[in-house]
Amino acid sequence: MDKISIIIPCYNEEDSIPYLKEELCYIMSKFDQVCFEVIMVDNCSEDRSLDIMQEIHAVDNRFQYISLSRNFGKDSSMYAGLKASTGDYVTVMDADLQDPPELLMDMYRVLKYECYDCAAAYRMNRNGEPWLRSVLADLFYKFMRIISDADMVNGARDFRLMTRQMVNAVLSLEESQRFTKGIFAWVGFRTKWIPFENRERIAGSTKLPMKNAFSYAIRGIIAFSTVPLVLTSIIGVLICIVALAFTLYVLVQQLILKNAVPGYPSLMCIMLFGFGIMFMVLGIIGQYIAQIYLEIKHRPKYIVRESSIRELCDVDKKL
Ligand code: UDP
Ligand code: MG
């Protein structure tokens, strides 16, 4: 009998979890000859999420939970869940039902009977999302496709069903600054894309405000492309050429035409422009160095505080 693991990162999802549980129980009952484990990864929520997970586990032991010692972010908690999973097939989905669990049926069929290693969901539209967020997200994916090797599909969700082989490949990328969408794309494997209509979250509010979405995008670019570093060098060379041309122009005015005007304004412009570019370039380089710094520390990607999965508690006690 096949086993499917469902990984759900949660942060302050007390309002969504009861709906999610209902929906999952319904979907799981539709499968024949398949058993399930649901691993809810609590990112140290400040509401009753963990209590609810414990209550659900007490009555239905297909539902397990891992509670982390703080909010390590969605990506690290997905890693924690993937690492703890034991299924032949593994899926990751959000707690707010924006990833339609009913797609699992199709995804399983694709992996079982067609020649694919992964069935992944993407949103056909972003209805209901603030327009600025949609526009920026669209630009981000276009930019990512140009500058990185990892082929990221616009509207792609983390929601996908993967074979154990693909999950092991994802786990083998051990970077601590994780950008999971990029990692999924980078490991490759035969992926079938399944479209769906965007949905609004069932309850509660987004846990990924614009500010976090922005730093998430920067992390993605830096993790999967060195093109910005190349761009900074090109910009540097271009500025040198402009500066050289301008110097020649000033020299000609001074030496031949003898009509040089006192050059204070133009000098200031160039200096400010030059400084601006320099700081921009330093900033970009700094971001890469920061990533290297964080990676070489080899900090754990997450720390388990408590879990219904016994082995995880034992490992944690040894830490
Ligand atoms: N999430 C998390 N930690 C965070 C932010 C989000 O575990 O710091 C979880 C959240 O509980 C949800 C999923 O990640 O299950 C997606 O978050 P959300 O729905 O808020 O993001 P959005 O859909 O608005 O991009
Ligand atoms: Mg959501």
Side-chain angles (χ1 to χ4, degrees), residues 5-24 38-53 56 63-84 91-101 103 120-138 140-141 152 154-160 176-184 196-220 301-305 307:
S5 304
I6 304 176
I7 314 296
I8 306 164
C10 302
Y11 178 61
N12 291 346
E13 295 287 3
E14 62 178 2
D15 298 324
S16 311
I17 294 172
Y19 293 106
L20 176 76
K21 192 236 168 195
E22 284 296 298
E23 188 77 23
L24 285 180
V38 180
I39 303 177
M40 296 173 283
V41 188
D42 170 47
N43 261 310
C44 204
S45 300
E46 285 138 26
D47 63 3
R48 288 196 66 252
S49 296
L50 180 59
D51 299 340
I52 299 173
M53 289 176 194
I56 294 175
F63 287 81
Q64 304 286 343
Y65 64 87
I66 303 172
S67 179
L68 305 184
S69 61
R70 68 172 174 82
N71 182 5
F72 282 86
K74 185 182 170 186
D75 291 84
S76 292
S77 51
M78 281 195 282
Y79 183 86
L82 290 175
K83 191 122 196 164
T91 182
V92 185
M93 66 170 73
D94 289 357
D96 56 9
L97 287 177
Q98 280 193 291
D99 297 326
L103 286 186
Y122 75 95
R123 295 189 280 191
M124 287 185 291
N125 52 48
R126 289 175 173 267
N127 297 346
E129 200 179 67
W131 70 268
L132 183 62
R133 196 176 172 131
S134 305
V135 171
L136 290 177
D138 209 42
F140 170 71
Y141 284 108
M152 274 168 250
N154 192 1
R157 306 279 299 171
D158 290 321
F159 180 36
R160 61 198 63 213
S176 54
Q177 300 298 302
R178 297 183 80 75
F179 179 68
T180 309
K181 273 197 191 90
I183 292 176
F184 285 150
F196 72 96
E197 286 276 339
N198 191 36
R199 297 185 173 178
E200 299 205 19
R201 60 163 39 241
I202 188 93
S205 59
T206 178
K207 311 295 178 291
L208 200 74
M210 275 294 263
K211 155 170 94 60
N212 295 11
F214 193 67
S215 50
Y216 182 68
I218 302 253
R219 179 152 35 105
K301 287 170 260 310
Y302 61 90
I303 298 168
V304 176
R305 197 180 137 267
S307 173

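In each ligand, atom 1 is the first atom listed, and ligand 1 is the first ligand listed. Because the structure is predicted, anything quoted here is derived from the model rather than measured.
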query: Between the candidates Gln98, Arg157, Arg201, which shows the shortest non-hydrogen contact distance to atom 17 (O) of ligand 1?
result: Arg201
message: Please determine whether any non-hydrogen atom of Met78 lies less than 4.0 Å from an atom of ligand 1.
response: no
- prompt: Among all protein non-hydrogen atoms, which one is nearest to atom 19 (O) of ligand 1, and what is the separation to 0.1 Å?
  reply: Asp96 OD2, 2.7 Å
- request: Compute both the distance and the angle, then confirm whether Arg70 meets the cation-pi test with Phe72: under 6.0 Å from the six-membered ring centre, within 45 degrees of the axis.
  value: yes
query: Under 4.0 Å from any heavy atom of Ala95, which atoms of ligand 1 are there?
result: 15 (O)
query: Asp96: which N/O/S atom is nearest the Mg ion (ligand 2)?
result: OD2
field: Sidechain-backbone polar pair: Ser49 side chain, Glu13 backbone, donor-acceptor under 3.5 Å
entry: yes
- request: Would you check if the side chain of Glu14 reaches a backbone N or O of Arg48 as a donor-acceptor pair within less than 3.5 Å?
  value: yes
field: Minimal non-hydrogen separation, Ile7 against Gly81, with atom names
entry: CD1-O, 3.2 Å
message: With a 3.5 Å distance limit and no angle check, can you tell me whether Arg160 reaches the backbone of Thr91 through a side-chain donor-acceptor pair?
response: no
- prompt: Which residue and non-hydrogen atom of the protein lie closest to atom 14 (O) of ligand 1, and at what distance in Å?
  reply: Lys74 CD, 3.3 Å
- request: Measure the distance from atom 16 (C) of ligand 1 to every protein heavy atom, then report the residue, atom name and distance (to 0.1 Å) of the closest one.
  value: Asp94 OD2, 3.3 Å
task: Could you find the nearest protein heavy atom to atom 7 (O) of ligand 1 and give me its residue, atom name and distance?
output: Asn43 ND2, 2.8 Å
message: To check your reading of the model: name the closest protein heavy atom to atom 25 (O) of ligand 1, its residue, and the distance in Å.
response: Arg133 NH2, 3.4 Å
message: Looking at Ser76 and Lys301, would you say the former's side chain and the latter's main chain have a donor-acceptor pair under 3.5 Å?
response: yes
message: Once you restrict to heavy atoms under 4.0 Å, what part of Asn71 touches ligand 1? Side chain, backbone, both or neither.
response: side chain
message: What verdict does the salt bridge (Lys or Arg N to Asp or Glu O under 4.0 Å) test give for Lys181 and Asp75, after you've listed the backbone C-alpha separation in whole Å, the side-chain angles of each residue and the deciding distance to 0.1 Å?
response: CA-CA 9 Å; Lys181 273 197 191 90; Asp75 291 84; over 6 Å; no
query: Which residue owns the protein heavy atom closest to atom 24 (O) of ligand 1, what's the atom, and how far is it?
result: Thr206 OG1, 2.5 Å
- line: Atoms of ligand 1 under 4.0 Å from any heavy atom of Glu13, numbered from 1 in the order shown, are 10 (C), 11 (O), 12 (C), 15 (O)
field: Salt-bridge contact Arg201-Asp96 (side-chain N to carboxylate O under 4.0 Å)
entry: yes
- prompt: Tell me, which protein residue and heavy-atom name are nearest atom 6 (C) of ligand 1, and how many Å apart are they?
  reply: Lys207 CB, 3.5 Å
- prompt: Hey, are Arg199 and Asp99 close enough for a salt bridge, meaning a charged N less than 4.0 Å from a carboxylate O?
  reply: no
message: Could you check whether any side-chain heavy atom of Asn125 comes within less than 4.5 Å of a side-chain heavy atom of Glu197, counting everything from C-beta outward?
response: yes
- prompt: Between Ser205 and ligand 1, is there a nitrogen or oxygen pair with a distance under 3.5 Å?
  reply: no
- prompt: Hey, which atoms in ligand 1 end up nearer than 4.0 Å to a heavy atom of Pro9?
  reply: 7 (O), 9 (C), 10 (C), 11 (O), 12 (C), 15 (O)
- request: Would you check if the Mg ion (ligand 2) lies under 2.8 Å from any N, O or S atom of Gln98?
  value: yes
